[in-house]
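Quick note on labels: first sequence line is chain A, next is B, and so on, each numbered from 1.
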Protein chains: 2
Amino acid sequence: MGRVTGDGTVGKALEVLDQVAAFGRPVRFGELLAQSDFPKPTLYRFVQTLTNQQMLAYDPERQTYTPGLRLVRLAHTAWDQSTLAPVARPHLDALSKAVGETVHLAQLDHAQVLYIDKRNANKPVQMYSQAGKVGPAYCTGVGKVMLAFLDEDAIESVIEQQSFHGFTEHTLDSADALRAELHDIRQNGYGFDREEHEPGIICVAMPILTSAGRVLGALSVTSTTSRTNLAGLEAYVPILRETADKITRDAQNWSFPDYQTKETTGI
Amino acid sequence: MGRVTGDGTVGKALEVLDQVAAFGRPVRFGELLAQSDFPKPTLYRFVQTLTNQQMLAYDPERQTYTPGLRLVRLAHTAWDQSTLAPVARPHLDALSKAVGETVHLAQLDHAQVLYIDKRNANKPVQMYSQAGKVGPAYCTGVGKVMLAFLDEDAIESVIEQQSFHGFTEHTLDSADALRAELHDIRQNGYGFDREEHEPGIICVAMPILTSAGRVLGALSVTSTTSRTNLAGLEAYVPILRETADKITRDAQNWSFPDYQTKETTGI
DNA sequence: TAAACAGGTTTCATTATTTGAAACTTGGTT
DNA sequence: AACCAAGTTTCAAATAATGAAACCTGTTTA
């Protein structure tokens, strides 16, 4: 049978893990089987193995599987070591305080936007539920500004992977429309979300680039059409740029930090 | 060579993943090799495969590996589906608002405490960096109250896995001391952390149990000896109990929620 | 009460993948 | 130029994964 994933057995097992996660709800073995390329016993063993390894959790009551707790543990380390979040945190705090609107930090993951951190000006933040979330690149502020500063080939490759689903009447609906928008963003150095993903929701977004111009991530300030407009958001461009610059600087300097596992203030 | 993990190739690969995560910093191939049971080419291929699969991230600059972004994506789903967090969230918010101190939600993972959610009364929360963190069970409030309500066999099994490292002069330093403490906690229905993990840090903790008495998780209110004392914290017991009860109730009712992937308020 | 059934689990000979000693690169030192 | 450490590739042997078929087990239907 054709190469399903590459990367042998491990790749196949992780494919199953993704499949479970993609359901977005507890899923039964049979449901997985129905949409799996693997024969029953093979899938069965993968699910068993993953459950053993706590990468999946099994609910015997309902006979369903969900992604497991081990992932939460591992992701903590991933978030802390493989993302901009730890470097950006203080700057994000400052930005949030200054603008008083919802603020996001995102990175590009494959052809999608991966939200890494968030500050919600008002309510006690409910962050974790947001960090880790993925969104479309072609119709979010952060997505577009990150795309805009990739190199030609990378842009085309990512564009090919976009679905151009029309979330709202303002959603860019073609590769060409997106290319034009990316061109504008490169000119300006920043971009907007003009209710492209959700009606009433608008944002300004600023890329975070290395000094060599490589894309590290993006920042955005989000608001609603009832509270402000694009011109109002544009006022945040200077502070966004400053914040992005600070993050860039810290990210470069952050070569190898001191390594003692200084258990700061104990969870 | 002895069975290293069980669970075949997948188990071995995940063992490597854990090893990288355990370093807590970017790690070189050679460093992994030095403490690995696997021969060089075997380890090499695992690391390659995991990197391919975005379970590890490779920094070509420094030639180091860290846990990968795919884990952050997967953990988002895990947190949302396999933990108490989504059910507990509103109650945690309310508790936090009422007590004005730092509040934690934790679950038991293996023999460790896994922190699932947190509310920090004062500053804009920096949560994700905490959720996913693991801590010792024998010297934290949440750890002890969860242990206390396991059944005999489970308790002994978990006790065996504790290290009894003396974090402070108050840390319980033996299985017997811990058994006695767990007995008291069962009597009272709740427990304290008496500066056992960190000097100056104290907390009250309340288990979250099913109506049948099975341990689901635990809540705690944390403060410092400079701001209050154990008697002061004890005043929070009623509201903690109420909150735990509400979470229990919601968790039971939360059988199968409605399934439409209602994208609430966009990220 | 039995027969059929759906969903899940196990068997076992076949097949494909993993394994690791050794050899080989590559980039940096002496 | 010779050496060395770290990382990478080769390839035959050893092992683990595979999946058709058979088998459970609890539930519904005749």
Summary of protein contacts for nucleotides 6-11 of chain D, nucleotide by nucleotide, where a base hit scores B, a sugar-phosphate-only hit scores S (4.0 Å, heavy atoms): SBBB--
With B:D18 via salt bridge (charged side-chain N to carboxylate O under 4.0 Å, His left out) - residues at least two apart: A:R70
Residues forming a side-chain hydrogen bond (donor to acceptor under 3.5 Å, both in side chains) with B:R241, sequence neighbours excluded: none
Counterpart residues, salt bridge (charged side-chain N to carboxylate O under 4.0 Å, His left out), relative to B:R186 (two or more places apart): none
Stems formed with participation of DNA chain D [Watson-Crick or G-U wobble, under 3.5 Å, three or more pairs]: C:1-30 with D:1-30
For atom CZ of A:F38 and atom P of C:dT9, their distance in whole Å: 18 Å
Aromatic centroids of B:Y65 and B:F29 separated by under 6.0 Å: no
A:H165: partners by ring-ring contact (aromatic ring centres under 6.0 Å, His included), with sequence neighbours left out: A:F167
Nearest-angstrom distance from the residue atom CG of B:D37 to C1' of C:dG20: 14 Å
Under 4.0 angstrom between B:T9 side-chain N/O and D:dA17 OP1 or OP2: yes
side-chain hydrogen bond (donor to acceptor under 3.5 Å, both in side chains) pairs, two or more places apart, involving residues 206-215 of chain A: A:S211-A:Q252
For atom CZ of B:F46 and atom C1' of C:dT19, their distance in whole Å: 9 Å
Donor-acceptor pairs are to be reported for all side-chain atoms of residues 148-155 of chain A against protein atoms at under 3.5 Å, with residues two or more places apart or in another chain.
| from | atom 1 | to | atom 2 | distance (Å) |
| --- | --- | --- | --- | --- |
| A:D151 | OD1 | A:A154 | N | 3.2 |

Those residues that, when tested against A:E61, pass side chain to side chain contact (heavy atoms under 4.5 Å, CB included) (two or more places apart): A:D59
